[in-house]
Amino acid sequence: MTRRVLRSTLVLCLWVAAAGSAMATGVWDLSGGIGINAGRADNPRFLGRLRAVCDKANPTTFDPNNPLCDPNSPTFDPSTTSVSRQAESYGSLRLTGTLAGKWETTDFNVSYSPVYTAYFGKSSLNQLGHNLNSSWQHKYSPRTSLDLDEYFNYTPEQDLDPNNLDVNALLTRRTSHTNNNFKGDLEFKKSTVTTLNWTYRYVLRGFSSSDYIDSMNHEAGFQWKRRVGRYNFVSAGYEYAVYIFERNVPGSDRHVATVGYGYASQQGFNLNLNVGYNVLLPDDPNEPNVTGTYTNSSIGWSGKKVAAAGGYTRDISGGGGAYANARSQGAYGSLRLTYTPKLTTDLTATYNVQERISGVTVVTAATTSETIRSFNGRATLNYQMTKDVGLNASYTRYRQSVPGLSGGAVPEVRSANYSLGMTWSFH
């Protein structure tokens, strides 16, 4: 799985770089930065709640002789000890390098960012993660353009970066994560009011632990969009997806048709409403077809002092590594307050739900629960001292509920992260 991710990422980067180098008249720009953070993380291993037999505070179920509670037993469960969940101080170093190229009809950008996190009291938690982003935009004519985007992320443990509060994300532990996301978008402006889009997306998720299901998604879609006023537009689209799972897990095909409405004013207000209908066709002939509604809507405001955004999604997904197909829901919100040109506050929150689709084969030991709910919230204060130097302070809260779960690779999380940091950038 990891080799396929690295191969696809390398091929794309070489192809885009070769396309850019062929344009000798291009203008290149190199930039980068260094970020240093220090903080404290509660329950940094994302261990689950105490098992009832090991909870000394509950005398009716506590069993001191149970091997699950004995550190010297081969069946010992580390999530049963409060010591394993205690807070740990840490420091992190993030390096970022960006290469950008610009030509008359083409823009190219590639960015690589490794981040190393060291825990002062428990070196076994130390980790080195990698992030790679690249994009290539080309205008074939005033009416036709192609955008290619690639995102690659690898971390040897749960990604604890408080900047990553993803919609439909699942908090896991005791496994490395490999995520690769490639997207292509071909746009054709048929007229001044009508636009046609063809999209293709390739998503690959891999885990080192056999508790989770590696998955690969191919998604192709088409959208028709028409402006019906100065600020309004309507749209209609269709997407076909193929879900492929490892470990001989049967895959599935998904069809979704959507209609939408959008509004964007010059004052900064924007609204997007997209609704549709999903049909999931499992490859296993013994499993029933599954249907459900689709929603992907958002609302936002962008002003000089206040910027806010929020949205809600409802879809059928690959399952996030815990399930082979799931009904997923996600709500998110963000708020930025600008006190002065140098001082800002950001508030961000996401709420996610993954629900196993009834009737689909259960093949993973990650969880026996039918539903996983998670909430991630973050508050950040940013101060730009100079053009290239900034200071930040943040607080992040993680909560994940797994009803009926007693231990397991998908944890029931109660965790927080406090951080102080400084960034330096160069151009």
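Starting from 1, each residue takes its place in the sequence as its number.
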Minimal heavy-atom distance between P282 and P288, with the atoms involved, is CG-O, 3.4 Å
I'd like to know if the side chain of N37 pairs up with that of S419 as donor and acceptor (distance under 3.5 Å, no hydrogens or angles considered). yes
What one should report as the nearest heavy-atom pair of A308 and L335 is CB-CD1, 4.0 Å
With the side chain counted from C-beta on, respond yes when V279 and L281 share a heavy-atom pair under 4.5 Å apart, and no when they do not. yes
Nearest heavy-atom neighbours spanning D42 and A87: OD1-CB, 3.2 Å
Return the CD to OG distance between Q384 and S425, rounded to the nearest 0.5 Å. 7.0 Å
Would you please indicate if the ring centroids of H177 and F207 are separated by under 6.0 Å? yes
For a quick test of reading the model, state the closest non-hydrogen atom pair linking G292 to R327 and the distance between them. CA-NH1, 4.0 Å
For the residue pair L280 and Y243, establish whether any side-chain heavy-atom pair is separated by less than 4.5 Å. yes
For a side chain to side chain donor-acceptor pair (under 3.5 Å) check, start with the C-alpha distance between S92 and R94, then their side-chain angles and the critical distance, and finish with the verdict. CA-CA 7 Å; S92 67; R94 177 183 291 273; over 6 Å; no
Side chains of R336 and T338, donor plus acceptor under 3.5 Å: no
Side chains of N382 and D346: donor-acceptor distance under 3.5 Å anywhere? yes
Side chain to side chain contact (heavy atoms under 4.5 Å, CB included) for L273 and V275? Distances and angles first, verdict last. CA-CA 7 Å; L273 301 174; V275 296; 5.8 Å; no
Does anything in residues 236-245 pair up under salt bridge (Lys or Arg N to Asp or Glu O under 4.0 Å), and if so which pairs, sequence neighbours excluded? E239-R254
Can you tell if the side chain of D214 reaches within under 4.5 Å of the side chain of L204, non-hydrogen atoms only? no
Between Y351 and F375, is the ring centre distance below 6.0 Å? no
Which distance, rounded to the nearest 0.5 Å, do you find between the CZ of R314 and the OH of Y294? 13.0 Å
Taking only residues two or more places apart in sequence, or in another chain, which ones meet Y418 in a ring-ring contact (aromatic ring centres under 6.0 Å, His included)? Y395
Residues passing the salt bridge (Lys or Arg N to Asp or Glu O under 4.0 Å) test with D107, sequence neighbours excluded, are K102
All heavy atoms of N274 vs all of G260, minimum pair found to be OD1-CA, 3.6 Å
Do R201 and N181 have side-chain N/O donor and acceptor atoms under 3.5 Å apart? yes
L132 side chain reached by V110 side chain, heavy atoms, under 4.5 Å: yes
Return the set of residues passing ring-ring contact (aromatic ring centres under 6.0 Å, His included) with Y200 (not counting sequence neighbours), or none when no residue passes. none
Quick one: do T96 and S111 satisfy side chain to side chain contact (heavy atoms under 4.5 Å, CB included)? Show the steps, please. CA-CA 7 Å; T96 303; S111 175; 3.9 Å; yes
Enumerate donor-acceptor pairs with a distance under 3.5 Å from any side-chain N or O in residues 219-233 to protein atoms, sequence neighbours excluded.
residue, atom, partner, partner atom, Å
R226, NH1, T194, OG1, 2.6
R227, NH2, T192, O, 3.2
N232, OD1, Y261, OH, 2.4

Do the rings of H138 and W136 sit parallel, tilted or perpendicular, given the 30° and 60° boundaries? parallel
To the nearest 0.5 angstrom, please state how far the OG atom of S135 sits from the CG atom of N133. 8.5 Å
Quick check: do E355 and Y323 have side-chain heavy atoms less than 4.5 Å from each other? no
For L95, is there any backbone N or O sitting under 3.5 Å from a side-chain donor or acceptor partner on S113? yes
Measuring from Y383:OH to T344:OG1, what's the distance to the nearest 0.5 Å? 11.5 Å
Does T155 form a side chain to side chain donor-acceptor pair (under 3.5 Å) with Q127? I'd like the steps, not just the answer. CA-CA 7 Å; T155 177; Q127 64 181 50; 3.2 Å; yes
Polar contact flag, side-chain donor to acceptor under 3.5 angstrom, T345-Y339: yes
Heavy-atom closest pair (G184 atom, L148 atom, distance to 0.1 Å) is CA-CD2, 3.8 Å
Approximate separation, where rounding is to 0.5 Å, of T293 OG1 and N278 CG: 8.0 Å
So do the side chains of E88 and F120 get within less than 4.5 Å of each other, counting heavy atoms only? no
Scan side-chain atoms only and decide if N131 and N153 contain a donor-acceptor pair under the 3.5 Å cut-off. yes
Applying side chain to side chain contact (heavy atoms under 4.5 Å, CB included), run through E150 and N180 and close with a yes or a no. CA-CA 8 Å; E150 166 73 18; N180 188 75; 2.4 Å; yes
Would S374 and Y398 count as having a side-chain donor-acceptor pair, cut-off 3.5 Å? no
Output the distance between atom CD (Q267) and atom OG (S302), rounded to the nearest 0.5 Å. 12.0 Å
Compare all side-chain heavy atoms of S297 with those of Y312 and state whether any distance is below 4.5 angstrom. no
Could you walk me through whether S298 and Y332 pass the side chain to side chain contact (heavy atoms under 4.5 Å, CB included) test, one step at a time? CA-CA 9 Å; S298 64; Y332 63 91; 3.5 Å; yes
Okay, side chain of D284, backbone of N286: is any donor-acceptor separation there less than 3.5 Å? yes
Minimum side-chain heavy-atom gap D283-D253 below 4.5 Å: yes
Only counting residues at least two apart or in another chain, list the ones meeting ring-ring contact (aromatic ring centres under 6.0 Å, His included) with Y238. none
Just by distance, do the side chain of T144 and the backbone of F188 share a donor-acceptor pair under 3.5 Å? no
